[in-house]
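Heads up, the thing below is written out as structure tokens.
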Amino acid sequence: MKTIYACFCTDVIHEGHINLIRTAKQYGRVIAGVLSDAAMIRYNRFPVVSFEERAERIRSIPGVDEVVIQQDMMYDAVIASLHPDYVIHGDNWRQGPLRAIRDHVKDLLGKYGGELIEVPYTDNAQVRRLREKARERLAMPEYRRKRLRQLLAICPVVKAIEVHNGLTGLIAEKSVVETGTGLDQFDAMWISSLCDSTAKGKPDIKLVDLTSRYRTIDDVMEVTTKPVIFDGDTGGLTEHFVYTVRSLERMGVSAVIIEDKVGLKKNSLFGTQAAQVQDTCGRFCEKISAGKQAQLTDDFMIIARIESLILEQGMEDAMERALAYADAGADGIMIHSRKKDPDEVLQFCDLFRMQNTQTPLVVVPTSFPAVTEEELAAHGVNIVIYANQLTRSAFPAMDRTAKSILRYHRAWEADRDLMPIPEIITLIDEI
Ligand code: SPV
Ligand code: MG
């Protein structure tokens, strides 16, 4: 009896899957693989049901003889262990980033005479509706809010990118690359005070008020499903911060990061050029505790950001504060630095991890961009935030285009760098 293998990375079963198994059955014994949570969030999107539930749903499709777990999105291990005569898949993976996986499967099968069967991908209104519904569910506050904690439990390092409106939200949501070992995408979004302010043409001094910042969150959330980490500046007065926590939690934000400064806040990357006052350790601990007491769910995270290195207060001060903030209930520690190399951040992480192995560590590698996620993770970092790169890439591109049009009194010279009209008018999907 021949064997045929199909991998599933879905949590809703629709007629396309049933048809695929029906076709597979004609070739022999059907083994269905269920993609692990860790692989699924890189390949597709966060699963809305548990791995066990997904496996159960696949097992109940008529015609499935056996269910196995597929750990990686690449098929090497599963093909090596099962040696199937056939692999079956929808023909949708012939295009886009999925193609690399498909070509690799073909190579693996070719080595021993296995065959790839591709069936027409089912894409009708009903299937689209089911997919859309699963996506919509991911965007609901009660599902989205807890996702950062879920990601921290699954991923060696959670990657967040700055967003400041619907369009940048879509880039964070949809950007996928093929890496040679599979696909990769961002896990979360950072609503930066710097970029939210810059997008409004305002300085990063808390001039853009919270009502406006909430509006940005809403714009982003309307078109995305990934979790949001909110830059809460200093959190303001403790008496105000407790309300902010409730509001963010209600919206479905996963975490707020507050920095231990007081008074008129200026962007940290000014360093000591701008007069900045650090809060006392005790008072900031009280703010953290008050926030933790105010929150109503277990999902929401309050992350304490330490400015000691930015303000040149030394490593000892940074460490003392980190341990105190964690004791006060902080769900994570962000250590910030404006040095050109990551040495002091890595040193901090090593020291912190010697005394605290659990509390997530957050790093924003803006001034030392050469450091890799892998390197940071090796020092115990759990969340890497790319805090301003979308804004910093968009502004020079817009500036160049504006100046080119002014210089040549026409748009021809700029046009070759622009997104083609057919692409801009179809960029945003209609429901
Ligand atoms: C932001 O993105 O607004 C931040 C990070 O707070 S930094 O700009 O580096 O201070
Ligand atoms: Mg900020």
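Computed from a prediction, not measured in an experiment: that's the story for all the values here. Scope of the values below: all heavy atoms of this structure, side chains included, with no hydrogens, waters or symmetry mates. In what follows, residues are counted from 1 in the order of the sequence shown. Each ligand, and each atom within it, is numbered from 1 in the order the structure gives.
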*Could you please spell out the steps behind the side-chain contact (heavy atoms from CB on, under 4.5 Å) verdict for L309 and M315?*
CA-CA 7 Å; L309 303 181; M315 189 60 70; 4.3 Å; yes
*asked:* My understanding is that only one of R137, K133, R45 makes a salt bridge (Lys or Arg N to Asp or Glu O under 4.0 Å) with D11; could you say which?
replied: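 Of the listed residues R137, K133, R45, the salt bridge (Lys or Arg N to Asp or Glu O under 4.0 Å) partner of D11 is R45.
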*So, D260 side chain and E307 main chain: donor-acceptor pair closer than 3.5 Å or not?*
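Side chain of D260 to backbone of E307: a pair is present.
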*Side-chain (D72) to main-chain (M74) donor-acceptor, under 3.5 angstrom*: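 Flag not set: sc D72 to bb M74 has no pair under 3.5 Å.
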_Candidates Q276, R338, R305 - the one meeting side-chain hydrogen bond (donor to acceptor under 3.5 Å, both in side chains) with S268_ =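 By the side-chain hydrogen bond (donor to acceptor under 3.5 Å, both in side chains) criterion, S268 pairs with just one of Q276, R338, R305: R305.
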_Counting only heavy atoms and a distance below 4.0 Å, can you name the residues contacting ligand 1?_
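Correct list: W190, S192, S193, L194, D231, N267, S268, L269, R305, H336, A387.
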*Could you go step by step and tell me if E286 and S289 meet the side-chain contact (heavy atoms from CB on, under 4.5 Å) rule?*
CA-CA 5 Å; E286 281 165 22; S289 302; 5.7 Å; no
*Would you list the pairs meeting ring pair (Phe, Tyr, Trp, His ring centres under 6.0 Å) in which at least one residue belongs to residues 256-284, sequence neighbours left out?*
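Qualifying pairs: F284-Y325.
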*asked:* Under 2.8 Å from the Mg ion (ligand 2), which protein N, O or S atoms do you find? Ignore water molecules.
replied: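 As for protein N, O or S atoms lying under 2.8 Å from the Mg ion (ligand 2), they are S193 OG, D231 OD2.
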_Is it true that Q150 and Y143 share a donor-acceptor pair across their side chains at a distance under 3.5 Å?_
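Judged by distance alone, the side chains do not pair up.
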Below 3.5 Å, can you tabulate the donor-acceptor pairs from side chains in residues 226-234 to any protein atom, sequence neighbours excluded?
residue: K226; atom: NZ; partner: A172; partner atom: O; Å: 3.1
residue: K226; atom: NZ; partner: E173; partner atom: O; Å: 3.2
residue: K226; atom: NZ; partner: Q185; partner atom: OE1; Å: 2.9
residue: K226; atom: NZ; partner: F186; partner atom: O; Å: 2.7
residue: D231; atom: OD1; partner: D233; partner atom: N; Å: 3.1
residue: D231; atom: OD2; partner: S193; partner atom: N; Å: 2.8
residue: D231; atom: OD2; partner: S193; partner atom: OG; Å: 2.9
residue: D233; atom: OD1; partner: S193; partner atom: OG; Å: 3.1
residue: D233; atom: OD1; partner: K265; partner atom: NZ; Å: 2.7
residue: T234; atom: OG1; partner: K206; partner atom: NZ; Å: 3.0
residue: T234; atom: OG1; partner: G236; partner atom: N; Å: 3.0

